[in-house]
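Working notes for the structure below.
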Amino acid sequence: MDQHTADLRLSSFKFLDHIDSIAQLADGKPVSEVPPVTVEIDPTNVCNSNCWWCSTANTRRASPGGLTAEEVHSVISQAADLRAKSVVFKGGGDPTLQPYLADAIRHSSSLGLAVGINTNGARMSQDLINSLVANAAWIRFSVDAGSAEVYQQVHRTRDFERVAENIRNLTGLRNTSGSELLIGINNCLDQYNTREPEEMLRFAYEMGVDYAAFRPAYFEIAPTPEARRELIEIRKQVMTTIRDLAERSADYPALSLRTGNIRNGSLSVDDPGECRAPALTMIVMATGEVAGCCDLRGKPGYSFGNIREASLLDIWQSQRRAEVFSRTSRRECDKFCSHAYAKYNQVIEYLSHRPQGNGFL
């Protein structure tokens with residue numbers, strides 16, 4: 001895939017593909033009547049990595065189980081019935097630990113749903129790789145390092161070479177098959193990997209992926225006091241690393257560089273007014289509980305219901321979901337927020353309050 005195509009698929013303007021749904025929210029249409037754009041599924045709360053800043057570690061410890069193949073297939077079918085446009089397999093834990101994932105991807109594609117997946121990439125069968133190349137729209141690998149030494153410090157495993165081999169196998173098959181699978185590597189920056197920005201860029205380039213993304217780990221919502229104590233000093237290192245990466249990206253042609261913001265830091269987040277964008281998403285957790293935002297995964301009081309007790313349609317249209325959404329819209333949950341929906345909230349805010357008769361470009 002050429003860099004221009006990759007950049008377009010990663011564009012911050014991709015929300016325009018869903019502008020009708022966004023406009024419905026801006027116009028005040030009840031959230032129960034607006035179909036979801038994406039249904040995110042956590043197949044399992046088990047993970048083979050142990051990243052020290054992981055924001056879902058407490059959830060995994062409290063509920064280490066997962067969804068069955070039958071439950072996931074049912075969720076996918078119900079998502080299609082709800083007129084969702086895509087499903088994303090993530091976590092929670094790492095979705096590749098579920099042996100049914102390849103079949104779930106095929107099932108999603110057969111129903112016309114676009115498929116995305118987040119994984120650390122250490123446990124990938126050939127069947128899964130084949131299914132991804134044939135059926136998925138994108139995959140993002142959480143690598144967070146450019147060397148085995150730093151990978152072990154961040155992930156606390158020795159899987160770096162296995163991850164590299166799996167990425168090479170996937171990109172190789174993608175390139176020879178004519179597949180349009182978008183492949184990326186994500187790096188959450190902390191005090192360990194900010195020492196090797198050049199190595200992280202070089203690793204992504206040598207793997208032949210389409211893009212490398214860099215963003216800070218969200219230490220404010222990390223479950224450990226260790227992570228939160230490190231916040232201020234690490235943020236300074238992250239700022240320097242992001243600037244260095246922007247300067248070095250020209251040395252790696254055909255690799256798109258993406259950088260995220262730093263919550264409440266020097267790279268500020270403009271997230272105005274109400275938070276209504278999560279009304280277009282649904283997170284089905286490994287426990288069966290359903291939430292509207294990845295930052296609220298497993299947070300008491302923010303569940304819409306459970307797929308083991310009600311259908312997705314009933315949950316989507318329930319009074320319970322409407323009540324939770326009214327609270328999250330008022331930003332009562334801001335202390336958990338990574339501001340992932342900031343851009344969409346900006347658009348909704350503008351459409352809700354735009355002046356009439358504005359004829360200027």
Side-chain angles (χ1 to χ4, degrees), residues 1 5-25 31 33-43 67 71-92 94-96 98 100-119 128 131-142 170 174 179-184 186 210-211 213 258 276-286 290-297 304 307 311-313 315-316 321 340-341 343-344 347-348:
M1 183 180 300
T5 300
D7 285 341
L8 286 176
R9 290 180 61 180
L10 294 164
S11 171
S12 60
F13 295 107
K14 62 183 181 291
F15 68 85
L16 292 173
D17 293 335
H18 317 297
I19 193 63
D20 290 345
S21 297
I22 292 172
Q24 288 175 0
L25 290 177
V31 293
E33 298 178 15
V34 183
V37 172
T38 296
V39 175
E40 298 183 2
I41 303 172
D42 298 348
L67 301 173
E71 287 172 332
V72 168
H73 275 64
S74 177
V75 167
I76 293 166
S77 297
Q78 292 179 69
D81 291 341
L82 270 172
R83 294 182 289 130
K85 297 180 180 179
S86 60
V87 294
V88 177
F89 298 100
K90 53 190 306 188
D94 196 277
T96 63
Q98 289 288 26
Y100 59 70
L101 183 61
D103 283 335
I105 291 170
R106 283 188 282 262
H107 180 53
S108 302
S109 180
S110 73
L111 296 177
L113 294 164
V115 179
I117 176 173
N118 287 340
T119 176
L128 176 57
S131 182
L132 287 163
V133 170
N135 300 286
W138 58 263
I139 181 170
R140 183 164 64 238
F141 291 94
S142 298
L170 183 67
R174 187 275 307 268
S179 168
E180 291 297 314
L181 178 66
L182 182 72
I183 305 173
N186 186 68
D210 302 303
Y211 71 94
R258 321 298 296 183
R276 286 184 277 175
L280 300 177
T281 64
M282 177 184 282
I283 318 295
V284 180
M285 293 175 279
V290 180
C293 172
C294 59
D295 291 332
L296 297 178
R297 183 189 282 110
F304 300 155
I307 62 164
S311 69
L312 280 190
L313 177 61
I315 291 172
W316 191 256
R321 175 173 175 263
Y341 296 104
K343 185 181 286 84
Y344 309 109
V347 176
I348 293 170

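No experiment lies behind these values; they were computed from the predicted model shown.
Scanning for side chain to side chain donor-acceptor pair (under 3.5 Å) contacts around N118 gives R140, with sequence neighbours left out. Looking at residues two or more places apart in sequence or on another chain, you find a side chain to side chain donor-acceptor pair (under 3.5 Å) between S74 and Q78. Take T38 and apply the side chain to side chain donor-acceptor pair (under 3.5 Å) test, not counting sequence neighbours, and it matches S86. The side chain to side chain donor-acceptor pair (under 3.5 Å) search around R276 returns E274, S352, not counting sequence neighbours.
F89 and S108 make their closest contact through CZ-OG, 3.8 Å (heavy atoms, listed as atom of the first residue, atom of the second, distance). Of all heavy-atom pairs spanning A102 and S131, the tightest one is O-OG, 2.9 Å. Taking every heavy atom of both residues into account, L111 and S77 meet most closely at CD1-CA, 3.8 Å.
At a threshold of 4.5 Å between non-hydrogen side-chain atoms, the residues I19 and V347 count as touching. For the pair L82 and V39, the minimum side-chain heavy-atom distance is 4.5 Å or more.
Here the SG-CE distance, from C294 to M285, works out to 11.5 Å after rounding to the nearest 0.5 Å. Between the CG atom in L181 and the CD1 atom in I117 there is a gap of 10.0 Å [rounded to 0.5 Å].
The main-chain N or O of G184 is never found under 3.5 Å from a side-chain atom of D210 such that the two would form a donor-acceptor pair. A donor-acceptor pair under 3.5 Å is formed between the side chain of R297 and the backbone N or O of G91. Side chain of R321 to backbone of G292: no donor-acceptor contact under 3.5 angstrom is found. With W316 contributing its side chain and S311 its backbone, the two residues share no donor-acceptor pair below 3.5 Å.
Annotation: side chain to side chain donor-acceptor pair (under 3.5 Å) contacts involving residues 11-25, sequence neighbours excluded, comprise H18-K85. Pairs passing the salt bridge (charged side-chain N to carboxylate O under 4.0 Å, His left out) check and including a residue from residues 104-114, sequence neighbours excluded, read D103-R106, R106-D127.
Taking the six-membered ring where the residue is Trp, H73 and H107 present parallel rings, their angle staying beneath 30° rather than reaching 60°.
A donor-acceptor contact closer than 3.5 angstrom links the side chains of D94 and T119.
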